[in-house]
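In this text the structure is predicted, and so the values were computed from the model without any measurement. Convention: sequence-line order gives letters A, B, ...; per-chain numbering from 1. All values below come from the heavy atoms of this structure, side chains included, with hydrogens, waters and symmetry mates left out.
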2 protein chains.
Amino acid sequence: MATIDTSLVAKLPLFAGCSADELDAILKEARSIRVPKNGNVFEQGEDAHSFFVLLHGHVRASKLTPAGEQVVVRYVAPGETLGVAMAIGLPSYPATATAVDDSVVLAWPTAAWPRLVERHPALATNTLRTVGARLQETHSRVIEMSTQQVEQRVARALLRLAKQSGRPVETGVEIDFPISRQDIAQMTGTTLHTVSRLLSGWESRGLIEGGRRRIVLRAPDQLVALAEQTPDDTAS
Amino acid sequence: MATIDTSLVAKLPLFAGCSADELDAILKEARSIRVPKNGNVFEQGEDAHSFFVLLHGHVRASKLTPAGEQVVVRYVAPGETLGVAMAIGLPSYPATATAVDDSVVLAWPTAAWPRLVERHPALATNTLRTVGARLQETHSRVIEMSTQQVEQRVARALLRLAKQSGRPVETGVEIDFPISRQDIAQMTGTTLHTVSRLLSGWESRGLIEGGRRRIVLRAPDQLVALAEQTPDDTAS
DNA sequence: CGGGTTTTTGATCTCCTTCAATCCTAGTGG
DNA sequence: CCACTAGGATTGAAGGAGATCAAAAACCCG
């Protein structure tokens, strides 16, 4: 098994403030794992045996409710950490992580975490920052769901996805992984029907360009306008 | 200025794994501050000069949206940390913390955080755990808002408040600080009108007992049943 | 006792869900 | 290479949970 190329991961937030030597030592304990499209990195409820960094591809983290409904927690982009259950004191994964594209992750055994943190305190600090950022994002989501209409929420969701994982194409910015109307519905707390209606409307107005599990934003600025619109705003 | 009584704070989660000496050293840098009812511990957007532990009383953390709507993020009970913006890399407070009762907080200058963490790595680990737990709770909230009706969400909110800050009284469990219908609406993403209607209904069925900014749960078990009820459940 | 906050309750309205088909599109296997 | 098929998307119609609009009532504090 070849060691992992340090240059690829040297500037990830998780390793901020680590020397090259430290990084080497840390990476020596990691394994690189290929996860095929639609494969699971880990599953909700499963014993948290490892934590990960996504190197390549895209991963969807989703939770299943007791009633059997699925909610998308977030999409993970390359460079982000996932499965840090242990670090936050959970014995098992709180969500399922599914590769939406062929993906590659670095994996460390959870058991190594306490030792790694002791030797490299920056890991704890960096993880704290990451988890804090996610807490902020999740709060934003709560606030959106409390105060905004579905249309605004969906527009915002698309803009965030495009920002996080957008690829420029001729006609605009394409979301760089397959995503269905259903997925968007599960991110925004609505139904695929409503999402479909909204996207259809936007497509006919030229704001976006859709396809089977594909979305291209043609006029992000107009989507921003939509997202910022308050319920009682009337078109000028 | 008297030093703070260590025995009161020795077993807070923030200081788990700290020796008595360490605790002494850490507490030496803190000031104890009294915040009167309706006073703010800190305000959203304000420079994050300090972080806090609530010693006594109750604090409401709320966020104001650009559109001027308020959302209650959480209620803080004695022993919990608040205002840890700096630790998660924020230069200013993301929410406003208001005492809903006369309260007392311990305050450390934010500037001391990096040094404290360096000397007492357990602080970072413990804070990570706390922030992780809050992330989980916030995810639960997103899931509830995505999949449950208002009635279920309000019932759950009451049960959580009672669990976190309930005081046993003759007729049941009283939420131990003043809380209005409006506050509950802002916690559950609905309007005070809907909350009022629900609580009125529950009161007439003997599940709760209300008053001006006062709520007593008389039959928590029945509220649990309500909270677990799925939309298409019909009464037996 | 007065005035402001909090709560209640009614009536109406609307955004979104739910129900129900139908239509596409990309794989797949012959 | 093409028909077949299954998951995904679209679209219509109807209904309902909860928001909004509007007042009145209750309560607390000074």
Worksheet item: How is Ser200(B) classified with respect to the nucleic acid when contacts are heavy atoms under 4.0 Å: base, sugar-phosphate, or nothing?
Response: sugar-phosphate
Practice prompt. To the nearest 0.5 angstrom, please state how far the OG atom of Ser92(A) sits from the CD atom of Glu46(A).
Written response: 9.0 Å
Discussion item. Is the ring pair Phe42(A)/Phe52(A) parallel, tilted or perpendicular, if the boundaries are 30 and 60 degrees?
Written reply: parallel
Worksheet item: Can you check the Gln182(B) CD to dT20(D) P distance for me, whole Å?
Response: 12 Å
Fill in: Distance (rounded to the nearest 0.5 Å) between Leu223(A) CG and Trp202(A) CH2
6.0 Å
Item to complete: For Ser196(B), report the nucleic acid contact type (base, sugar-phosphate, nothing); a contact means any heavy atom under 4.0 Å.
Response: base
Worksheet entry | Whole angstrom value for the distance that separates P of dA9(D) from CD of Glu209(A) | 15 Å
Fill in: Length of the CZ-C1' vector between Arg153(A) and dC16(C), whole Å
10 Å
Worksheet entry | Met145(A) CE to dA19(D) C1', straight-line distance once rounded to whole Å | 16 Å
Response to the item:
Ranking Arg212(A) and Gln148(A) by the position along DNA chain C of their nearest nucleotide, the one closer to 5' is Gln148(A)
Discussion item. Measure CG/Asn38(B) against C1'/dT5(C) and give the value in whole Å, please.
Written reply: 12 Å
Practice prompt. Round to a whole Å and report the spacing from CZ of Arg214(A) to P of dG27(C).
Written response: 12 Å
Worksheet item: Is Ser180(B) touching bases, backbone alone, or none of the nucleic acid, heavy atoms closer than 4.0 Å?
Response: sugar-phosphate
Worksheet entry | Atom of Leu226(B), atom of Glu151(B) and distance for their closest heavy-atom approach | CD2-OE2, 3.6 Å
Discussion item. Using the side-chain heavy atoms of Glu203(B), tell me which of these nucleotides is nearest: dT8(C), dA19(D), dT10(D).
Written reply: dT8(C)
Worksheet item: Counting any heavy atom closer than 4.0 Å, what does Leu192(B) reach on the DNA or RNA strands: base, sugar-phosphate only, or nothing?
Response: base
Worksheet entry | Nearest-Å distance for atom pair CG/P, residues Asp183(A) and dG7(D) | 15 Å
Practice prompt. Starting from C1' on dT10(D), measure out to CG on Leu199(A) and report it in whole angstrom.
Written response: 11 Å
Worksheet item: Do Arg197(A) and dT18(C) share a donor-acceptor pair, side chain to base, under 3.5 Å?
Response: yes
Discussion item. I want to confirm an ordering. Mapping Gln149(B) and Gly201(B) to their closest nucleotides on DNA chain C, which one lands closer to the 5' end?
Written reply: Gly201(B)
Worksheet item: Just checking, any donor-acceptor pair under 3.5 angstrom between side chains of Ser62(B) and Gln70(B)?
Response: yes
Item to complete: Could you tell me whether the phosphate oxygens of dG18(D), OP1 or OP2, come under 4.0 Å of any side-chain nitrogen or oxygen in Thr194(B)?
Response: no
Practice prompt. Side chain of His193(B) only, please: which of dT10(D), dT9(C), dT17(C) is the nearest?
Written response: dT9(C)
